[in-house]
Amino acid sequence: MRIGYPCINRTISCCGNKTFRLKSYSEARLKDTVKNNLACLLQILKFNLEHRLLFFRLTSDLVPFASHPINTFDWKKHFQPEFASIGEFIRTEGMRISMHPDQFTLINSIRKDVLGRSIEELKYHVEILDLMNLDADAKVQIHVGGAYADKESSIERFVRRFDGLDNSIRRRLVIENDDKLYDLGDCLRISERTGVPILFDVFHHRLNGAAEMTDEDCLKYTTETWDSKNDGPPMVDYSSQNPVGVPGQHAETIDLDDFAMFLKHTGRFDFDVMLEIKDKEESAIEAFKLVSNDGRVRLNGF
DNA sequence: TCTGGTCAAGGTGGT
DNA sequence: ACCACCTTGACCAGA
């Protein structure tokens with residue numbers, strides 16, 4: 001088990017997800033920004049290593065406007081050495097990486113233009129991981145997508161579109177149960193037909209589908225969708241409810257009792273946990289302390 | 001220097 | 001047809 005957090009680190013004074021407005025686009029600015037972002041990413045990874053946080057989600061803002069037509073700069077070629085050396089660090093230390101394109105990436109959209117942009121965005125994400133020479137255990141997670149007033153045919157469309165994706169994307173793609181539309185049961189049905197692994201989101205499951213399956217069952221079924229040889233251990237997203245926020249709002253800081261309970265219920269399984277908590281690395285460090293007595297936790301990557 | 005409106009991109013659900 | 005909301009942090013113009 002590796003513990004991680006997403007995208008940004010608030011302890012070190014280095015911002016690896018800098019971007020800018022489309023209006024301010026220039027090639028010079030893009031180069032500066034990417035250079036900064038990659039340098040900060042390495043600093044964050046070094047921080048993570050020191051704190052034994054071996055799981056990390058890369059921000060989609062690493063290369064601003066990467067899949068936008070305005071960006072004609074060959075950033076892959078230009079920054080290839082930087083990507084390669086960050087990748088080497090990750091592999092040497094046995095770290096695990098994920099990425100999560102945002103809500104605009106919908107491969108089951110009824111709109112062809114949206115599908116086209118989504119595929120471009122997925123290409124960008126897997127290119128980052130490919131440039132780092134990471135194995136197929138580095139994943140890109142998306143939701144199933146919209147329902148378009150007909151969930152069944154939207155699932156059909158997802159399956160069809162997934163099967164048509166380039167293998168460079170398919171080998172890294174995983175789907176995540178969401179909080180409103182596609183619950184774990186839907187994801188399992190889709191996985192049966194496509195072979196796509198399922199990333200279990202604990203918090204979403206509590207908001208959408210909790211009555212059907214216990215956490216233990218969820219881990220059991222989702223673990224079966226990961227091919228341990230190629231995909232690596234299952235990934236799990238964990239968050240808890242913000243006690244003063246509206247239902248669905250992520251907690252500011254980790255609820256250690258709740259997390260301990262989750263670990264207890266899922267003790268039979270090994271997986272990597274991404275803590276989607278507002279205070280990021282702070283809660284991840286707390287969680288690491290909590291699980292450092294757990295037989296599953298990894299103190300190094302191997 | 002500070003602040004609040006705004007940002008490439010989609011979709012849902014209420015009116 | 002239209003609008004608020006989702007959710008989020010940082011950009012950036014204007015005070």
Between R206(A) and D258(A), does any side-chain N to carboxylate O distance fall below 4.0 Å? yes
Quick one: is T19(A) getting a side-chain N or O under 4.0 Å of the dC11(C) phosphate, OP1 or OP2? no
Measure the distance from CG on L22(A) to C1' on dC11(C) and round it to the nearest whole Å. 13 Å
In whole Å, measure the gap between the P atoms of dA4(C) and dT6(B) for me. 12 Å
Does R21(A) place a side-chain N or O at less than 4.0 Å from the phosphate oxygens OP1/OP2 of dA13(C)? no
Contact class for S67(A) vs. all strands (heavy atom < 4.0 Å): base, sugar-phosphate, or nothing? base
Whole-Å C1' distance, dT8(C) and dT1(B): 24 Å
Centroid under 5.5 Å and tilt under 30°, F104(A) to dA9(B): yes
Taking the side chain as everything from C-beta on, heavy atoms only, tell me whether L58(A) gets closer than 4.5 Å to I97(A). yes
Atom P, compared across dC12(C) and dA9(B): separation rounded to whole Å: 16 Å
Polar contact flag, side-chain donor to acceptor under 3.5 angstrom, N36(A)-T33(A): no
About how many Å separate OH of Y182(A) and CD1 of I155(A), when rounded to the nearest 0.5 Å? 5.5 Å
Take the protein atom CD1 of I277(A) and the nucleotide atom P of dT7(C), then report the distance between them rounded to whole Å. 15 Å
T105(A) near the nucleic acid: base, sugar-phosphate alone, or nothing, with a heavy-atom cut-off under 4.0 Å? nothing
Between dG5(B) and dC5(C), how far is it from one P atom to the other, in whole Å? 14 Å
What integer number of Å spans the C1' atoms of dG11(B) and dA10(C)? 24 Å
Describe the nucleic acid contact of K278(A) in one word from base, sugar-phosphate, nothing, applying a heavy-atom distance below 4.0 Å. sugar-phosphate
Complementary nucleotide of dT7(C), counting Watson-Crick and G-U pairs under 3.5 Å: none
Closest-nucleotide 5' rank along DNA chain C - winner of K23(A) and R10(A): R10(A)
SG to SG, are C14(A) and C40(A) under 2.5 angstrom apart? yes
Which nucleotide, dT12(B), dG11(B), dT8(C), lies nearest any side-chain atom of A147(A)? dT12(B)
Check every strand shown and say whether F65(A) touches a base, only sugar-phosphate, or nothing at a heavy-atom separation below 4.0 Å. base
Would you say R111(A) places a side-chain N or O within less than 4.0 Å of OP1 or OP2 belonging to dA9(B)? no
Can you check whether R29(A) has a side-chain N or O nearer than 4.0 Å to OP1 or OP2 of dC11(C)? no
What's the gap between dC11(C) and dG10(B) when it is taken at their C1' atoms, as a whole Å value? 22 Å
Checking all strands, does K180(A) fall into the base, sugar-phosphate, or nothing category for heavy-atom contacts under 4.0 angstrom? nothing
